[in-house]
Protein chains: 2
Amino acid sequence: MPANFRYVALADEIQENILNGVFTPGEKLPSLRKLKNTLGLSISTIHQAYIELEKRGRIEAKEKSGFYVKALETSLLDRPAQETDVGQPCQVNVNEMAEIIIKDLQTDRVLQLGAAIPSKELMPLKQLSRIMKSMPARDLQNSFSNYDLCAGNTELREELSKRMLGLACSIQADDIVTTNGCLEAVTLCLRAVAKPGDTILVESPVFHCFLQAIEDLNLYVVEIPGCSEDGILPDTFEKAVLKNKINACVFNSNFQNPLGSVMSKTNKAKILAIARTHDIPIIEDDIYGDLYHGDKRPSTFKSMDTTGMVLYCSSFSKALSPGLRAGWCVPGIYRDAVIRLKLNTSISSPGINHSIVAKFIKTGAYDRHLRQLRNRLKNQVSAMIIAVSKHFPTNTKTTFPTGGLCIWVVLDPAIDSMEIYQKTYRENISILPGTICSTTDTYKNCLRINCGTKWSTKVEAGIKTLGKIIGNSFNTLP
Amino acid sequence: MPANFRYVALADEIQENILNGVFTPGEKLPSLRKLKNTLGLSISTIHQAYIELEKRGRIEAKEKSGFYVKALETSLLDRPAQETDVGQPCQVNVNEMAEIIIKDLQTDRVLQLGAAIPSKELMPLKQLSRIMKSMPARDLQNSFSNYDLCAGNTELREELSKRMLGLACSIQADDIVTTNGCLEAVTLCLRAVAKPGDTILVESPVFHCFLQAIEDLNLYVVEIPGCSEDGILPDTFEKAVLKNKINACVFNSNFQNPLGSVMSKTNKAKILAIARTHDIPIIEDDIYGDLYHGDKRPSTFKSMDTTGMVLYCSSFSKALSPGLRAGWCVPGIYRDAVIRLKLNTSISSPGINHSIVAKFIKTGAYDRHLRQLRNRLKNQVSAMIIAVSKHFPTNTKTTFPTGGLCIWVVLDPAIDSMEIYQKTYRENISILPGTICSTTDTYKNCLRINCGTKWSTKVEAGIKTLGKIIGNSFNTLP
């Protein structure tokens, strides 16, 4: 390798370690002398690498002390302001756009900053494929030859009942129904608690597939604006419930998609109490709950649910494998209704896929994997915020989520995210326009950016391009 | 083996060959002398075996000519009479019973004459498991790491588009949407063409899951009585359509479940023309179409559909593997609506399972397997009819289906099939009571019997027990 590239290679390697969580924000990096001895490179090459990383915004020099991994300054950009108006019940009418966007996500040539999934380098794919290959032929044949139980693969439900300790009150395998991913869980639960014409309350901006599922089930929606830190506040919730006849709620209770908000345990308890008073079931989608960046997993509604009115939903799509389609729900008192609906919709889930997930959990590898993934996502989210603060116009606001894998970016009010989406897409970069996260045009000037893609110069270059497109739109505004 | 058991073993072996289709109905069996030379058994043992098979109703002696495989006498039992009344639109209200019955089917200790599936000995399970085990790790990993296309696994859709030659007008892979089994295809199609409060026309008696899916989607149903040979007649169809506002039809066009009826090509064309005049989409569930017992596959509505108003649905659950959950539909002009609904219900199907099916088809093994399976089912259905005619009361009527794997049995009008179900279940035999195949009580005295279970003395003994229970109910009627 030519000498003048050596420092770039070293900078890349250290950056990789920062993103991997080997070096954490605020940590001191090894001294030049120490690295010289370990790596056998010249002091000058190592110094150049550190300077390069400083330029990239990854590390900072402290006088007479050395180089440190840069801590994420929360003052980098402002947080979005919270809306306070509660919406009227609306017929959902998210247009065809969402389909196009999700279809686009299937293409390899496009930089995926749209769909909220970790990239394949972050998933334990080798282990999963090894488990599949080592399944006894007899088990495979048994699984092929029969409809699995409608409630789902027994092995997986047993593992899930153990994992849900603390997340739900004394759950047994029989309380769980497996599904084809989390969205199937949510739609089955929606069908179990609401009939056509009913009204569903959601936190806004909202995961666009919830809106579309609600539309497709001929339901109405009331959107409550969430705060990017605390989600829905109990007072706002009570106001909405008193104002409208609400038949059910659908909440991402932890690291809400797209805001990244987390309702505190106290607020969850208050909201649950209000819902109970008004006899409103809560569908809790906790798909991002395990992806906390801090030390502690956030709480769930289900853990405080003594009456069975919370229908807990989740899946392994965000942390393990979207392709295996392993989701589940704990529908409380609606269990029989959910099983019946599943039976009459698709009879049963493919047992073999769910059995692979169960076997992976059993090895203990899932918890190890989750620890790595959380670290990784935490650092990628930081890297994304830094890149956005560097390349986007200065009046941009962004969330600073404490879990999950997305950031929500609020642009100048005059900017149309659909236009940005289209222009960006021509550059082979996919993002999610805020427009589709509501039935109103409140989030027209917002974007959701996926931070699950492994950090690389390609990602940084993509953000630079995106920033340039936004800047140009801004400058050419009438 | 003691000499007095040798003839039983030989009889069992020949019976197995008859059910396997090695010897076909009407065929002359090898002479005693020939078998003596081939098998090295005594003439007396072979003769005893033939006498035993004669007793079992499998073969018959023709004077001075030898022994022949018994042809199925269609005069064994009467065919069911056809009802002619067209029903009023009804709110569907099939009760919880169906769930219990399907749950029961999961138990091993129960003789499965209820669910309409072939038993595992009839499926190419070894080959499927070999394909799964030999999948390149890279393919597995790719499939795990991404949501598959919402329209479905490309490999499978390509194989399907070739297989559907002649069954649909110039189909391409892009016209196909894969699903989690056939029932998901039907429910997605129903949601694409009908909104809550709409009315769906079906052939009666009807597959109970259709009724339940219709109920769960808040739709109404009009039942048209089918004839056990021709299904729905065009005149009856037109009468029903003129009398009621019908928004869509759901038909098992070939070997209808449970009647086994097949609409002729001419009748299909007439019904399609009437439907077109009244702008009524037809959801065609052709899941049994490949299981014809004769020489020729029956036609489909889809093959005559020039306007795209037929939504064709099928799956591999009856012929290959229920556990892989590989279904599909060709929704015609409703393709975008179906894809959108699938996206917002479960995002995508697990690609790996569908890829196994595609690879199995590619080897050419599927067509060989189908040939064997058809022969097998044909003979098992004959064996079941013979057993029913032998063990059930003489006023029993039964269908003589020319495809599929079920027979429909009409008992004395005073008999309640739910009671028979319960009594039979106590003897660890599961059947499907006719009661759940309609919103009316027209089929209260009927049963559907699955002939997919490999024929054995256990099955014959089960039918004997069932016959006894029916006979006793009959004798104790008030």
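A note on names: the letters A, B, ... follow the listed sequences, proteins ahead of strands, and every chain is numbered from 1. Hydrogens, waters and symmetry mates are skipped; everything else that's a heavy atom, side chains included, is used.
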Q: Just jot down the side-chain hydrogen bond (donor to acceptor under 3.5 Å, both in side chains) partners of A/Arg376, sequence neighbours excluded, or say none.
A: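 For A/Arg376 the side-chain hydrogen bond (donor to acceptor under 3.5 Å, both in side chains) partners, ignoring immediate neighbours, are A/Glu16, A/Asn20, A/Gln380.
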Q: With a 4.5 angstrom heavy-atom cut-off, is it the side chain or the backbone of A/Asn218 that approaches chain B, or both, or neither?
A: side chain
Q: Chain B heavy atoms under 4.5 Å from A/Leu341: which part of the residue, side chain, backbone, both or neither?
A: both
Q: For the candidates A/Ser119, A/Ser145, A/Ser143, A/Pro118, which exhibits the highest count of non-hydrogen atom pairs separated by less than 4.5 Å from chain B?
A: A/Ser145
Q: Quick check: under 4.5 Å, non-hydrogen atoms only, which of residues 187-198 of chain A neighbour chain B?
A: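 Against chain B, the residues of residues 187-198 of chain A that fall inside the cut-off (heavy atoms, under 4.5 Å) are A/Thr187, A/Arg191, A/Pro196.
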Q: Which one of B/Gln141, B/Glu184, B/Met123 has the most heavy-atom pairs closer than 4.5 Å to chain A?
A: B/Gln141
Q: For B/Arg325 and A/Ser348, which heavy atoms make the closest approach, and how far apart are they?
A: NE-O, 3.0 Å
Q: With a 3.5 Å distance limit and no angle check, can you tell me whether B/Ser321 reaches the backbone of A/Phe144 through a side-chain donor-acceptor pair?
A: yes
Q: What are the two closest non-hydrogen atoms of B/Asn344 and A/Cys209, and how far apart are they?
A: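 Closest heavy-atom pair between B/Asn344 and A/Cys209: OD1-SG, 4.0 Å.
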Q: Which bit of A/Ser349 comes within less than 4.5 Å of chain B, counting heavy atoms only: side chain, backbone, both or neither?
A: backbone
Q: To check you understand the geometry: which heavy-atom pair defines the closest contact between A/Ser346 and B/Leu183, and what is its length?
A: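 Reported closest heavy-atom pair: N-CD2, 4.5 Å.
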Q: Restricting to side chain to side chain contact (heavy atoms under 4.5 Å, CB included), what partner residues turn up for B/Gln372, sequence neighbours left out?
A: none
Q: Between B/Pro350 and A/Leu324, which heavy-atom pair has the shortest distance, and what is it?
A: CB-O, 4.3 Å
Q: For A/Asp216, is there an ion pair with B/Arg340 - N to carboxylate O distance below 4.0 angstrom?
A: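 Yes.
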Q: State the CG-CD1 distance between A/Asn146 and B/Ile117, to the nearest 0.5 angstrom.
A: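 That separation rounds to 5.0 Å.
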Q: For residues 124-140 of chain B, run the donor-acceptor check on the side chains, cut-off 3.5 Å, and write out each pair with its distance to 0.1 Å, sequence neighbours left out.
A:
{"from": "B/Lys133", "atom 1": "NZ", "to": "A/Lys133", "atom 2": "O", "distance (Å)": "2.7"}
{"from": "B/Lys133", "atom 1": "NZ", "to": "A/Met135", "atom 2": "O", "distance (Å)": "2.6"}
{"from": "B/Ser134", "atom 1": "OG", "to": "B/Arg130", "atom 2": "O", "distance (Å)": "3.1"}
{"from": "B/Ser134", "atom 1": "OG", "to": "B/Ile131", "atom 2": "O", "distance (Å)": "3.2"}

